[in-house]
Structure formats: structure tokens, C-alpha cells
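Here's the structure, in C-alpha cells; my notes come after.
Just so we're on the same page: letters track the sequence lines, and every chain starts at 1.
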Amino acid sequence: MNAPAPEKNMHFIREIIAEDNRTGKYGGQVVTRFPPEPNGYLHIGHAKAICLDFGMALENNGECHLRMDDTNPVKEDVEYTDSIQADVRWLGFDWGPHYYHASDYFEQMYELACGLIRDGKAYVCEVPGDEWKHYRGIPTEPGKASPFRNRSAAENLDLFQRMRAGEFPDGAKVLRAKIDMASPNLHMRDPVLYRILHTPHPHAGDKWCIYPMYDYAHPIEDALEKITHSMCTLEFEVHRPLYDWVIQNCRLFPSRQIEFARLELTYTVMSKRKLLELVQRKLVKGWDDPRLPTLGGLRRRGVPPAAIRQFCERVGITKYDSLTDVALLEHCIRDELNRTAPRAMAVLNPLRVVIENTDGLPAAVRGVNNPEDPAAGTREIPFGPELFIEREDFAETPPPKYFRLSPGKSVRLRNAGFLTCTGVDHDPAGNVVAVRGTFAPMDAPVKVKATIHWVPAHAAKPVEVRLYDRLFKVPEPDADKDVDFKSHLNPDSLHMATALAEPSLLDARPGDRFQFERIGYFAADPDSRPSAPVFNRTVTLKDSWKPA
RNA sequence: UGCCCGAUGGUGUAACGGUAGCACAGCAGACUCUGGAUCUGUUAGUCUAGGUUCAAAUCCUAGUCGGGCAACCA
């Protein structure tokens, strides 16, 4: 018996599992599975499911299987299986030896279907697809029986074998479960179990021309793997009676399907179709564009997997359709990065500073790598008589409560000392082109209310920075079906810029994460080259300064 | 419309018949070599109407609102 960690939220699925463990329903075993269809890239909505599936197994000393749910060869491709595995691993989960394909069970599914036929619980139906809706009926009225419903088991077996043998064209026949044409649940009105598809399978090759439907295949996949708790999203709730029917009538391991609400996030879209549309129309730069909620995009943006895991835990698990504020994700990202990201200085919008008292000026200073983590140590930062500071950190006529630099005032230069402004240089148009000032060491008796970051003019290096903002301007871009979600795209979601970086940043390798002090968290992009890093802004720092 | 599911501050959630709590966001303050972090305080909530009960967010009934289902998709 293992008590859940105290900070974990006791959601209803944890309670179901705890209860099953208490009663010994599955002998204390917890076996789960994450079953993506390999027809697209994973996004943060999948991360919620992954964290749940793997998390419940981990917490209960169980196992979680990674299973490609590849029952429809016309939509799926091996292209996706690699990225799915990479994404799950990146998120921090390990399926051990339990990597499976639904298509590996095709033979058993076929045998089980023959069993259903022999039991008089399935039949080959020749009603054309577009005509079936007349038989199925509408919710308020019962359907009517297929004219093929009462074929003999022998005839059904023969026909089903010939379907497999390829004797019939696509759509000519299907195998149906014989359940209840009057059921108020449409899924129970003799659902299709198998359809004919003369399409080679990306994993199974050309062995098959009949393929099982999800509703038939999924419970079998789960049962064969002895999955105890089969978590899926809410829209499968009405499928559960059919899930149970298959397990019961095939006499299989009693896997249990449990549904929970999918994750929705503000200022983005989560549907595969819409994400694909953004990629195909080149409104973003690909599946791993850092503005996308795909795991590839989040990774490239610099989001640590631990932040995503923490976020998924804090969002919780319920059966209520919710819309989570991205601010919660951003909080989890900052929280993780604050503890782990080394600090560095870079100036986005430079203003030259000329130090006038150059005698005894240090050639370098030591910077603290991470005030939250003493073990991160220090580094050397070159110093000199000319610096660049952020243009916003100087105001010739400061607004009220402005703590930074202005004529006659002083600020602390991060890691270095104090700067007192003694003069301002203008160009003929009256713009500020440089600030002049005097430097004092850190132990000087100067009182200031602000510390600003800087880079040394002689040693700072220009680096490319990509400043990302929300992809959409509105919290629910796809809320209104009558308005194209693309019309809500934020035109300023990407701003390319050049920053002046302290020299240590030139060593950054793709994936390295930093806090650029007082600006935000940045991660080196795969586009980086040796000595020419490219930085993606993961998220800004919170900024509580607001002009009065 | 028939069936299924759901409803707690702005948002995400907890409370399992007994003081409606936590987090995010917001606001205010303290502290600070990041106007970051940290700390403190604070605004704000049980969909409606009946019923059961000493006591209801919780149980029952009806309604309202939201979501799902009517592919040979998953």
C-alpha cells in the first residue's frame, strides 16, 4: 500500500485506483497505457494524458505501456512514431519494454471476431455506408434490422474469411456486432467492427485488407495487455458500454475505461486540424515553432519538461470541461527556471554609457550565476570604460517613482558597482545618444533603489534573439464557429532582434537555458552555431513596474 | 429532439452530511545587488427552485445552462 505524496491532489482517478488497490480488484496491480494514434505530433493536451497515464503507474509501482493505436492505415504514418517516442521520453517518462502497436494484435482480433460470429454476436452486413443511417435511425426512434442480420454463423464465417482474403472491394461489406438496434445509445446499434480497406499498413505491411474499428480494437488491445485502468477523454464516455460489451463477449481481461476532461489553454488552439492548418499555411514555421503548444514547440521554446509535469499536476483531473489560463503554465515555467537557469546579462535595446573616472576601473567583475543556487558558482564578466545599458533604464526626465538612471541620479550596475549620471549626449535631432557618468565600487557609500544590467562595450557580442508572444490576440481563438480562428492571430507573436550579450553567452549550446537578468528566460535554439547562438525567449520575467 | 456527462471566486481545483480551503491571476505592503525571487495582507465563489436532515456544495426531485454522441475516424 502506498500513500500518495502529500502535495498531490487526490483527484477522482487516484481515488478509483486507491479503492481498487484496497479491495484487491486487480490484485493490487496498476497497468496503464498511453495510446496515441500516429497521425500527428503531440501537444500539451497529450502531455496531460501522458502525465496521468505514466503518473498513475509510477505512483503505484505499476507499468505504463506506450502503444501506437494504428488501426486506420489511411490516416497514419511511421513518420509520427519516432517523434511521439521522443516527446514522451523528453517529458521524462519511460515505458521500459512495453512498446506496442495495436496492429500487432490484428491476428488475435480477427480470431476473436470469428468467435463473436460463432456465438451469433456478429454478422457480415452489405448495406452500403451511406444507406446505413436509415437503418441506424435517429436518437428518438429505434433503428431497424439490417437485412443481413440473421445470416447463419457458417455463412458469416465464410464471408468474413473472404473479406480478409481480399475478394471484395472497399466498402462492399462490413462486419457488425449484433447488439441492439433500439438502443438509445447509437453506438450500440450494431456498430461496425471491421471495414475493408485495400491499403497497406505502415507497420503491418500488406498483410491485411480488413481493419478493425477503434471501438472494437481498443478494448481488445487493453485487455490483451492486462491494462487495469484505461484513461481517455470525455468524448469516449458514450462508447464505454461498447467497450464493456467487447470485453465481456470476447471473455477478456476486465480493463476499465475511465474518462477525464481534455486540457484547453487560453490564447492557443489545441486541435490537430487547426495546428496542421497553421503549419501548412506557413503561419508558423513548422511543427516545432516555439509559438505552438506542441511538445516540439515547447521544447524549442525552452520550456523545461519538469515545468510541464508540474503544470499538469496543478491543473488536476476532473470531468468538467475547463479552460486553463496560460498564466498558470507560465508560472510553472518561471518557477522551474528561477531555480535552475543560470543568469547572464544581455541588452536588448542598447544605450551607450561613457564612464568618466577611468582611473582604477576594474577590468572584470565576478557575477553570481544563480542567486537561488549557490552551487552554480560565479563567472567573470569583462568591465570597461564604456558600457551598454538598456535604453528603458535611463530617463532624461524621469516619471514619478522611477528608480533607474536619470541626470544626477545613481543606480547599481549589477555585479559591478554604482553609476552616477553626470551628463547626457544628444544628436542634432535631440535624441539621447549616450550617457556620461562616474563609477564607484560596490563598497562605496551609495544608496540606490534600483539595479540595472549592462554589458561591456568592448567585449559584448551581438546575438540573435527571437522574442515570442502569444500566438493569438484573444483568450479563445476558436470559441466562435462563425469566425475563422486565424483572424485572431497575433501579428506580433514573433519579434526578431539583436541583443548585445556578455561574452559567456557565446558558449551556449542548443537547449541551454538562461535567465537574461531583468528581461526573461531564454533558450539557445537549434539554429545556433558555434560562437553564434540564437536565443528564443521562453517567457518574460514578471514586471511589477508601472508608471504612476 | 433521445441518451450520456457535468456545474464551487476572473481561472484551475479541494472539501466524501458538520467552520467553503489551496493555487494562478489581481490589488496592497515588507524585503531584496534582478521593479525578478521571497514573505505578509487582501478582493472575490457553492447555477435555480423545492425536498430529506438538528445540519446540504455534498443526498433526492424538477428546472436552467454547458459539453458529448447520430464516420465503414480515433
Side-chain angles (χ1 to χ4, degrees), chain A residues 7 9-11 15 35-37 39 69-72 74-76 102 125 127-130 132-133 136-143 170-176 183-189 191-197 210-211 213-215 217-218 232-241 259 261 263 266 272 311 314-332 334-335 338-339 343 345 367-368 371-372 393 401-404 411-418 442 448-453 475 515-521 540-546:
Chain A
E7 78 282 4
N9 162 25
M10 200 61 195
H11 55 64
E15 285 185 355
E37 183 185 17
N39 71 343
D69 205 5
D70 55 352
T71 56
N72 186 354
V74 311
K75 293 175 76 174
E76 295 147 9
C125 179
V127 174
D130 51 358
W132 176 252
K133 55 176 174 286
R136 184 183 44 229
I138 55 174
T140 45
E141 293 165 25
D170 288 6
K173 292 177 170 53
V174 294
L175 183 72
R176 289 188 184 283
S183 171
N185 182 341
L186 284 314
H187 294 280
M188 299 299 271
R189 321 248 265 223
V192 173
L193 266 25
Y194 271 91
R195 76 283 218 190
I196 300 172
L197 249 30
I210 57 171
Y211 292 96
M213 301 289 291
Y214 169 88
D215 283 322
H218 208 85
C232 64
T233 45
L234 249 28
E235 69 270 24
F236 292 102
E237 213 154 17
V238 285
H239 296 240
R240 190 176 353 120
E259 311 85 12
L263 174 73
T266 55
K272 275 182 189 171
F311 170 71
R314 295 182 64 163
V315 160
I317 301 291
T318 63
K319 302 187 67 151
Y320 172 68
D321 295 294
S322 57
L323 175 65
T324 300
D325 193 339
V326 266
L328 181 60
L329 208 215
E330 289 169 353
H331 171 263
C332 293
R334 290 191 186 101
D335 190 49
N338 177 48
R339 286 184 288 106
R343 315 286 132 121
M345 293 193 287
V368 175
E372 307 290 323
D393 287 338
K401 301 279 271 290
Y402 185 86
F403 299 153
R404 289 108 98 185
V411 288
R412 183 184 289 106
L413 293 171
R414 178 70 167 154
N415 296 316
F418 298 97
M442 203 63 98
V448 296
K449 293 202 76 170
T451 298
I452 66 172
H453 60 281
Q515 183 197 103
F516 290 1
E517 292 205 63
R518 304 209 310 130
I519 299 178
Y521 294 99
T540 61
L541 248 34
K542 287 214 304 191
D543 182 6
S544 61
W545 155 253
K546 36 192 177 307

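Under the salt bridge (charged side-chain N to carboxylate O under 4.0 Å, His left out) criterion, A/D393 pairs with A/R404, A/R518, not counting sequence neighbours. Judged as a ring-ring contact (aromatic ring centres under 6.0 Å, His included), and not counting sequence neighbours, the contacts of A/H218 are A/Y214. In terms of the side-chain contact (heavy atoms from CB on, under 4.5 Å) criterion, residue partners of A/A172 (sequence neighbours excluded) are, by chain and number, A/F168, A/P169. With sequence neighbours excluded, the residues that form a salt bridge (charged side-chain N to carboxylate O under 4.0 Å, His left out) with A/E259 are A/R240, A/K319. With sequence neighbours left out, A/K542 forms a side-chain hydrogen bond (donor to acceptor under 3.5 Å, both in side chains) with no residue at all. Annotation: salt bridge (charged side-chain N to carboxylate O under 4.0 Å, His left out) contacts of A/R136 (sequence neighbours excluded): none. For A/H187, the ring-ring contact (aromatic ring centres under 6.0 Å, His included) partners two or more places apart in sequence, or in a different chain, are A/H239. Judged as a side-chain contact (heavy atoms from CB on, under 4.5 Å), and not counting sequence neighbours, the contacts of A/I519 are A/L348, A/E390, A/H453, A/F516, A/F522. Listed by chain and residue number, nothing satisfies the salt bridge (charged side-chain N to carboxylate O under 4.0 Å, His left out) test with A/E15 (two or more places apart in sequence, or in another chain).
With C1' as the reference atom, B/C16 and B/C31 are 42 Å apart, rounded to whole Å. B/G18 and B/A57 have their C1' atoms separated by 13 Å, given to the nearest Å. Taking atom C1' in both B/G21 and B/U8, the straight-line distance is 11 Å, to the nearest Å. When the P atom is compared between B/U43 and B/G50, the two are found 30 Å apart, to the nearest whole Å. Rounded to a whole angstrom, the distance from the P atom of B/U42 to that of B/C22 is 10 Å. Between B/G29 and B/C69, the distance separating the two P atoms is 50 Å to the nearest Å. Between B/G63 and B/C4, the distance separating the two P atoms is 13 Å to the nearest Å. Comparing B/A15 with B/A20, their P atoms are spaced 16 Å from each other, to the whole Å.
For A/E330 and B/U11, the CD to P distance is 18 Å, given to the nearest whole Å. When the P atom of B/A15 is taken as reference, atom OH of A/Y320 falls 17 Å away, rounded to whole Å. The distance between atom OH of A/Y214 and atom C1' of B/C73, rounded to the nearest whole Å, is 11 Å. Distance, A/K546 NZ to B/G29 C1': 12 Å, rounded to whole Å. To the nearest angstrom, C1' of B/C24 lies 7 Å from NE2 of A/H331. Residue A/L328 contributes atom CG, which lies 14 Å from atom C1' of B/G10 at whole-angstrom precision. Regarding A/N9, its CG atom lies at a distance of 10 Å from the C1' atom of B/G12, rounded to whole Å. Taking atom NE2 of residue A/H11 and atom P of nucleotide B/A14, one finds them 9 Å apart after rounding to whole Å.
Here B/A44 is in the anti range [glycosidic angle more than 90° from 0].
Within 4.0 Å of A/G316, counting heavy atoms only, lies no atom of the nucleic acid at all. Note on A/P128: a base of the nucleic acid sits closer than 4.0 angstrom, heavy atoms only. Counting non-hydrogen atoms under 4.0 angstrom, A/S183 reaches nothing in the nucleic acid. Backbone-only contact: A/V192 has heavy atoms under 4.0 Å from sugar-phosphate atoms and none from a base. Here A/V326 lies out of heavy-atom contact (under 4.0 Å) with every strand.
Nearest-nucleotide mapping onto RNA chain B: of A/V315 and A/M213, the residue sitting toward the 5' end is A/V315.
Contact check, A/R195 against B/A74: a side-chain N or O comes under 4.0 Å of OP1 or OP2. Taking side-chain N and O atoms only, A/T324 has no distance below 4.0 Å to OP1 or OP2 of B/U11. Of the side-chain N and O atoms in A/T318, none sit less than 4.0 angstrom from OP1 or OP2 of B/G6. Between A/S322 and B/U11 there is no side-chain N or O to OP1 or OP2 distance below 4.0 Å.
Considering every non-hydrogen atom in both A/R176 and A/L193, the closest pair reads C-CD2, 4.0 Å. Of all heavy-atom pairs between A/Y211 and A/T71, the closest is CB-O, 3.6 Å.
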Can you give me the N/O atom pairs linking the protein to nucleotides 61-70 of chain B at distances under 3.5 Å, or say none if there are none?
unit_1 : atom_1 : unit_2 : atom_2 : d
B/G67  : O2'    : A/D321 : OD2    : 3.3
B/C69  : O2'    : A/H187 : NE2    : 2.7
B/A70  : O3'    : A/R136 : NH2    : 3.3
B/A70  : O2'    : A/R136 : NE     : 3.0
B/A70  : O2'    : A/R136 : NH2    : 2.9

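With distances taken from any side-chain atom of A/K319 to the nucleotides B/C5, B/U11, B/U38, the minimum falls on B/C5.
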A correct dot-bracket answer for RNA chain B, with pairs being Watson-Crick or G-U at under 3.5 Å, [ ] for crossing pairs and | for inter-strand pairs, is .((((((..((((....[..)))).(((((.......)))))....(((((..]....))))))))))).....
Any chance you could list the contact pattern along nucleotides 31-36 of chain B? Use B for base contacts, S for sugar-phosphate-only contacts and - for none, protein heavy atoms under 4.0 Å, 5' to 3'. --BBBB
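A donor-acceptor pair under 3.5 Å is absent between the side-chain atoms of A/R334 and the main chain of A/G520, judged by distance alone. With hydrogens and angles disregarded, no donor-acceptor distance shorter than 3.5 Å links the side chain of A/K173 to the backbone of A/G171. With hydrogens and angles ignored, the 3.5 Å screen pairs no side-chain donor or acceptor of A/T451 with any backbone N or O of A/R414.
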